[in-house]
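The figures here come from the full heavy-atom set of this structure, side chains too, leaving out hydrogens, waters and symmetry mates. Below, chain A is the first sequence line, B the second, and so on; all start at residue 1.
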Amino acid sequence: RQNLRHLTLVRMTPDVLYDQMIGVGAADRLVFSWGGNPGVGSLHRFREAVEDGWPHPIELEEHSHAGMAARYVAAASGLPFGTLRGYVGSDLLERTANVATVTCPFTGEELTAVRALDLDVAVIHAQQVDRHGNVGLWGLTGVQKEAVLAADRSIVTVEERVTAFDSRVTTVLPAWVLAAVAVAPHGSHPSYTQGYSNRDNAFYAAWDSISRDRDRFAAWMRRHVLDVDDFGDHLRLVDAESALAG
Amino acid sequence: RQNLRHLTLVRMTPDVLYDQMIGVGAADRLVFSWGGNPGVGSLHRFREAVEDGWPHPIELEEHSHAGMAARYVAAASGLPFGTLRGYVGSDLLERTANVATVTCPFTGEELTAVRALDLDVAVIHAQQVDRHGNVGLWGLTGVQKEAVLAADRSIVTVEERVTAFDSRVTTVLPAWVLAAVAVAPHGSHPSYTQGYSNRDNAFYAAWDSISRDRDRFAAWMRRHVLDVDDFGDHLRLVDAESALAG
Amino acid sequence: MTATADDIMTVVAARALRDRAVCFVGIGLPSLAANLARRLHAPDIVLVYESGAIGAKPTRPPLSIGDGELAETADAVVSVPEIFAYWLQAGRIDVGFLSAAQIDRYANINTTVIGPYEDPKVRLPGAGGAPEIAASSREVIVVVRQSLRTFVDRLDFVTSVGHHTGHDSRARLGLRGRGPSAVITDLGVLRPDPVSRELVLTEIHPGVVVDEVSARTGWPLRVSATLTVTAAPTPAEVAALRELRGRQA
Amino acid sequence: MTATADDIMTVVAARALRDRAVCFVGIGLPSLAANLARRLHAPDIVLVYESGAIGAKPTRPPLSIGDGELAETADAVVSVPEIFAYWLQAGRIDVGFLSAAQIDRYANINTTVIGPYEDPKVRLPGAGGAPEIAASSREVIVVVRQSLRTFVDRLDFVTSVGHHTGHDSRARLGLRGRGPSAVITDLGVLRPDPVSRELVLTEIHPGVVVDEVSARTGWPLRVSATLTVTAAPTPAEVAALRELRGRQA
């Protein structure tokens, strides 16, 4: 909506939101390890950008999950590279300059090195912010902590503001490593937030047909993203349509 | 008590138990990063072994905490080495063959490599075991998970057996990575167990004088370790003496 | 209840998992088969999902590796970097369970592109966890529907290594796991030849003829001299599978 | 309440910590000073302990970095590998707070042995977290009692690097933090010369004379032309310190 262009988007598992950003032509480059619509199939905007260069070609840098994870960890640790047993024998090796080999100085064994994934900005969604501005997460936290710590600035949306964290919180990001925290209930939609909302499986399925056609996608983006006031309105609109469809 | 000899003992912060093992001559080698009596001062058995070779000389391999942590992580990860920014300019570098340099294949930067710390056996104390044999910990878990995963076999003592874990549990070690779990209440004595027991600060202070003298140490070990039936008896004896002293 | 070809494939995949095995499972067919095994002969199978759930016991097959129920029912929940480093890479996984868009005679797998990489006919989702699952699991089982589109003479892209170019070439790459031990399809089961590591049809599902399997294989298919016929799914197996599918959200 | 030399040292160390600073603190003098700062002018100081407690707010000075109260009062509790990699090494620590058994004119530190390494007179506990705290914190503050035993011409062992051999030698080693900015003792405060990085006495505590400081320094001590006298601890500072010491378990 801010008409940002020429972005490099990074995520292990880019899904609907990334498909939207690619579809509107905001991204020049995608760094990822799995780009699909989980449980449904393809991301059609992503595919059309790659297969037909529409709305413009997109440069891909692809990795394995293990490689991406090691890249986030290296960046969060202030190291220029991470080491793993990975990529060996895969054609992925020929498609990126950010994977190389490193030799163990003790055993002489050759291992795979991946370049640290230093980010300008990380955006994650979490469960709670406490009165000191610390953010609390639980459930499958993925690489969210590492993404936050790999970025120059991190923005977190949360389900709610609380006086003290729920006892289920297992991971805390201190306020002083975050640039901004905003309360945005259901901010993970169409994904879920453990303890707050369920995955909107119907939306993922619906996205398959919405995104399959350029015009339908454009109309949907106009109505649901560009012409709404805020994310709350967006959610209300999606909800209302889902009720009609259901 | 099993009269084990020629052990290589490994811990970032060897304290009273390690002082005892060294004092009875069970250890040929100690791999560590900080060997003191926290809040009190020296470990006298450790010092006498190093300074005077009594009861026999002990070989030291010492590191920084960061280096030891990276060594545990490498071993837990199935890698032959770990990478860190560390040791540079320190004389520690001259005293071990298990620290070397590695060059980043992307930036050319030189970093420090440490050899993976593969262990035969790890022993830790935790809070709970559930009915499936999984072990649950909370609080400052340190490098305990990494130690367990760095070892061929791991033995865990726990405070209690529970039907389902306390909600405070943050770290779980699945039953299938553990060789044995035993219930041993206050098994961390003289240290504490978060949620179960407090640190026995008086014992740490008392250890200073017990361990200062060879004969007093030997008598204490006989009475409190060799001549008791089990760890429960040991604790009851220590408690009774503490009550007398207090 | 008649078992469909897909049912048989899933049941046979489930049967391949022994109880207490530690299985790294992807979403889709592998997850369905692993959860079926858990309901049948392997109640104590340990399901590990790349999203960080260890020992997950979902009541319905998850649509996404990030499904919340995985965390709720897991013995342990860890970060994604940890699942790959401490659990998969360290060699703690008995069976890696994969699917494929293309597979070749050495059970190498493509999940990246159909057609040339720079100008693909079909852009697939990509590698995900597969390259390291294929490399580091003690053993790999592939579950994939058999057709000339999937069983190809030559992969358009090698995403994950099976037995590489055959013989000991996989071991020479330094991969620590033993590689694919079985490729389970809707027609039968293929296993690597002990020496050449080329896939050989060793088991055929009831009602399927060898010619049909060959016709759906993009290379001259080798057939075992001791080819056996898969035991038909029992009513209990089919019922459990249907029940599980019915729960899919 | 008269302030002892130790009191002044601790109060001056506490004053050196600005509010909201992120401090990596060792047990003992550094922890006492940091907790004093938190009770005085720096209520929002972030105390990080190497045992994994971030933002700890202990009610009594911990005797051990493993003290349970650190976890109970912390904003976040992480593993020891994480505290060193994600927090210290990544450059998130403003101030590293260290003590020393020996210190030299470039604020290099020994906490390993007194005497030769192979045949030590006194075997000290060793490095602990100090080498990387000294290397990676944006700034280092050393708190140490001053004597000829501690302020030595030549360290018996370099455990942790301060300003190395002076001038830009520290930066040339590739260490990312700026190194020691102050050495706070029971007699005064020494700061590195902006060019040579040799420690210079810049501040002297009330009632202490320069000759006494020189006499307790194992090298020819440089004294600043603009030497100032430390503001005496206020009654509030001394009271807070005594109260804190009284809580020590």
Side-chain angles (χ1 to χ4, degrees), chain A residues 31 61 63 65-67 69-88 93 96-118 136-141 145-146 164-173 194-195, chain B residues 31 61 63 65-67 69-88 93 96-118 136-141 145-146 164-173 194-195:
Chain A
V31 181
E61 180 185 333
H63 292 268
H65 281 347
R71 298 189 67 195
Y72 280 111
V73 167
S77 304
L79 292 174
F81 75 100
T83 306
L84 75 157
R85 298 183 186 281
Y87 297 83
V88 175
L93 276 174
T96 170
N98 289 331
V99 181
T101 56
V102 62
T103 303
C104 173
F106 307 106
T107 62
E109 196 180 349
E110 203 165 81
L111 295 136
T112 301
V114 287
R115 189 192 286 270
L117 189 46
D118 295 305
L137 301 88
W138 69 89
L140 299 168
T141 58
K145 179 191 260 192
E146 286 75 15
F165 286 137
D166 195 294
S167 68
R168 289 172 292 180
V169 165
T170 53
T171 301
V172 175
L173 298 167
Q194 189 100 29
Chain B
V31 181
E61 180 185 333
H63 291 269
H65 281 348
R71 297 188 68 194
Y72 280 111
V73 167
S77 303
L79 291 174
F81 75 101
T83 306
L84 75 157
R85 298 182 185 283
Y87 296 83
V88 175
L93 276 174
T96 169
N98 290 332
V99 181
T101 57
V102 62
T103 303
C104 172
F106 307 106
T107 63
E109 196 180 349
E110 204 166 79
L111 295 135
T112 301
V114 287
R115 189 193 287 269
L117 190 46
D118 296 305
L137 301 87
W138 68 89
L140 299 168
T141 57
K145 178 191 260 190
E146 287 75 16
F165 285 139
D166 197 294
S167 67
R168 290 172 293 181
V169 164
T170 55
T171 301
V172 174
L173 298 168
Q194 189 97 31

Structural part of [X] lying under 4.5 Å from a heavy atom of chain A:
X: B:Ala97; answer: backbone
X: B:Leu79; answer: both
X: B:Thr107; answer: side chain
X: B:Thr101; answer: backbone

Applying a strict 4.5 Å limit to non-hydrogen atoms, the region of A:Val169 in contact with chain B is neither
Discussion item. Using a 4.5 angstrom heavy-atom cutoff, name the option from B:Gly78, B:Ser77, B:Ala74 with the most pairs to chain A.
Written reply: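 Most heavy-atom pairs under 4.5 Å with chain A: B:Gly78.
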Going by heavy atoms in the side chains, are B:Leu111 and A:Pro80 under 4.5 Å from each other? yes
Max heavy-atom pairs within cutoff under 4.5 Å with chain B, candidates A:Leu84, A:Val102, A:Val114, goes to A:Val114
Rounding to 0.5 Å, atoms CZ (A:Arg115) and SG (B:Cys104) come to a distance of 7.0 Å
Drop me the distance from B:Phe81's CZ to A:Thr103's OG1, to the nearest 0.5 angstrom.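 Output value for this atom pair is 8.5 Å.
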